[in-house]
Engineer: 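This is the structure I have questions about; it appears just below.
Residue indices begin at 1 and follow the sequence shown. As the structure is a prediction and not an experimental result, all values here were calculated from the model.
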Amino acid sequence: MNMNGTNYQTFECGAFGDLSRVMLKDNLAATGMELSLNRLPAGQAIPFVHAHKQNEEVYLFIRGTGTFWIDGQGLQVGEGSAVRVSPPGARTIKASDGEDLCYICIQAQAGSLRQATRDDGFILDRTVDW
Ligand code: ZN
């Protein structure tokens, strides 16, 4: 069930094994990033090479193995691999034979991050009764 609150939105994407691609920016009302969950069927490739105008991308591979093609170089990726690509990087992905390749892609404007975990987050004086 999808839920919305004052400070949050949720969206149920379903199991990776059942999806091909789910874009989350609009479903989550995200304002600073685009996110997608992706499953490339075994042996298949994204049928185009692409780049971006302003956004860098981070690909987080969570299942399967494959080849991440970037600027003419093929990188072997699999569960636990993380790849960041600058906007002009020419990229595409192919899943290895025999197993689907599942990954999360996060894109945000390159150079836009002004603070991160330790500079932006802070501990609140609250407790939770689980
Ligand atoms: Zn992209």
Side-chain angles (χ1 to χ4, degrees):
M1 175 174 32
N2 303 325
M3 298 175 60
N4 298 311
T6 302
N7 292 312
Y8 73 90
Q9 282 78 33
T10 72
F11 182 76
E12 296 300 326
C13 302
F16 265 96
D18 297 331
L19 60 83
S20 60
R21 186 171 205 219
V22 177
M23 306 297 290
L24 290 172
K25 180 180 75 61
D26 293 337
N27 289 316
L28 293 177
T31 63
M33 69 189 79
E34 172 64 284
L35 308 97
S36 62
L37 279 64
N38 305 270
R39 180 180 58 84
L40 262 179
Q44 293 191 20
I46 295 174
F48 53 85
V49 175
H50 83 283
H52 280 264
K53 296 173 186 170
Q54 297 185 19
N55 293 347
E56 68 180 359
E57 289 183 316
V58 173
Y59 295 81
L60 304 170
F61 293 89
I62 61 170
R63 187 191 308 164
T65 59
T67 303
F68 193 96
W69 188 95
I70 173 73
D71 295 335
Q73 182 179 4
L75 309 174
Q76 296 308 302
V77 294
E79 182 178 334
S81 299
V83 180
R84 186 200 65 83
V85 182
S86 297
R91 73 208 75 171
T92 194
I93 305 170
K94 184 178 187 301
S96 299
D97 292 333
E99 189 177 14
D100 294 352
L101 182 61
C102 299
Y103 60 96
I104 296 167
C105 182
I106 302 167
Q107 63 174 276
Q109 184 176 29
S112 66
L113 192 63
R114 296 293 172 251
Q115 65 278 328
T117 305
R118 290 180 187 236
D119 299 322
D120 191 63
F122 54 94
I123 306 295
L124 298 172
D125 186 22
R126 298 182 68 170
T127 58
V128 176
D129 292 326
W130 298 107

Engineer: In Å, rounded to the nearest 0.5 Å, how long is the span from CD of Q44 to CD1 of I93?
Structural biologist: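 So the CD of Q44 and the CD1 of I93 are separated by 13.5 Å.
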
Engineer: If every non-hydrogen atom of L19 is compared with every non-hydrogen atom of G14, which pair is closest and at what distance?
Structural biologist: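 So the minimum-distance heavy-atom pair works out to CD2-O, 4.1 Å.
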
Engineer: Please assess Q109 against N55 for the test side chain to side chain contact (heavy atoms under 4.5 Å, CB included), listing each intermediate value before the final yes or no.
Structural biologist: CA-CA 4 Å; Q109 184 176 29; N55 293 347; 3.9 Å; yes

Engineer: Report yes or no: does S96 contribute a side-chain atom to a donor-acceptor pair with the main-chain N or O of T65 at less than 3.5 Å?
Structural biologist: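 At least one qualifying donor-acceptor pair exists.
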
Engineer: Grab the two heavy atoms, one from T10 and one from M1, that are nearest each other, plus how far apart they are.
Structural biologist: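 Residues T10 and M1, closest heavy atoms: OG1-O, 3.7 Å.
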
Engineer: What closest approach, in Å, do A51 and R91 show between heavy atoms, and which atom pair accounts for it?
Structural biologist: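 Heavy-atom minimum between the residues: CA-NH2, 3.7 Å.
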
Engineer: Please tell me if the side chains of I104 and F16 come closer than 4.5 Å, counting only heavy atoms from C-beta onward.
Structural biologist: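 Result yes, sub-4.5 Å side-chain heavy-atom pair found.
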
Engineer: Is I70 linked to I46 within one hydrophobic cluster, defined over Ile, Leu, Val, Met, Phe, Trp and Tyr using a side-chain heavy-atom separation of less than 4.5 Å?
Structural biologist: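 Looking at the clustering, I46 is in the same group as I70.
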
Engineer: Taking M23 as the starting point, is it possible to reach F48 by hopping between hydrophobic residues whose side chains are less than 4.5 Å apart?
Structural biologist: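 As far as the 4.5 Å side-chain criterion goes, M23 and F48 are not connected within one cluster.
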
Engineer: Membership question, hydrophobic clusters at under 4.5 Å side-chain separation (ILVMFWY): are M33 and L60 in the same one?
Structural biologist: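 Same cluster.
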
Engineer: Mind telling me whether F68 and Y59 have parallel, tilted or perpendicular rings, with 30° and 60° as the class edges?
Structural biologist: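 Rings of Y59 and F68: perpendicular, over 60°.
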
Engineer: Spell out, as yes or no, whether a donor-acceptor pair under 3.5 Å connects the side chain of R126 to the backbone of I123.
Structural biologist: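 No; zero donor-acceptor contacts below 3.5 Å.
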
Engineer: State, to 0.1 Å, how close L113 and Q115 come at their nearest heavy-atom pair, and which atoms those are.
Structural biologist: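 Nearest heavy atoms, L113 then Q115: CD1-O, 3.3 Å.
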
Engineer: Passes side chain to side chain contact (heavy atoms under 4.5 Å, CB included), E34 versus E57? Steps please.
Structural biologist: CA-CA 9 Å; E34 172 64 284; E57 289 183 316; over 6 Å; no

Engineer: If only side-chain N and O atoms count, and only distance matters, is there a donor-acceptor pair under 3.5 Å linking R84 with S86?
Structural biologist: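 Note: S86 and R84 side chains meet the donor-acceptor criterion.
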
Engineer: Below 4.5 Å, heavy atoms only, C-beta onward: do E12 and N2 meet side chain to side chain?
Structural biologist: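 They are in contact (side-chain heavy atoms under 4.5 Å apart), so the answer is yes.
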
Engineer: Which atoms form the tightest heavy-atom contact between A42 and A95, and what is the distance?
Structural biologist: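 Looking at all heavy atoms of both residues, the shortest contact is CA-CB, 4.1 Å.
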
Engineer: Would you give the length of the straight line joining atom NZ of K25 to atom CZ of F11, rounded to the nearest 0.5 angstrom?
Structural biologist: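 Those atoms lie 13.5 Å apart.
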
Engineer: Quick check on the hydrophobic clustering: are V77 and V85 connected, directly or via other members, by side-chain heavy-atom contacts under 4.5 Å?
Structural biologist: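 Both belong to a single hydrophobic cluster.
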
Engineer: Side chain to side chain contact (heavy atoms under 4.5 Å, CB included) for L101 and R63? Distances and angles first, verdict last.
Structural biologist: CA-CA 6 Å; L101 182 61; R63 187 191 308 164; over 6 Å; no

Engineer: Please give me the minimum heavy-atom distance between W69 and A90, naming the atom from each residue.
Structural biologist: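 The pair with the smallest heavy-atom distance is CZ3-O, 3.4 Å.
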
Engineer: Can you hop from L24 to L40 via hydrophobic side chains spaced under 4.5 Å?
Structural biologist: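 Looking at the clustering, L40 is in a separate group from L24.
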
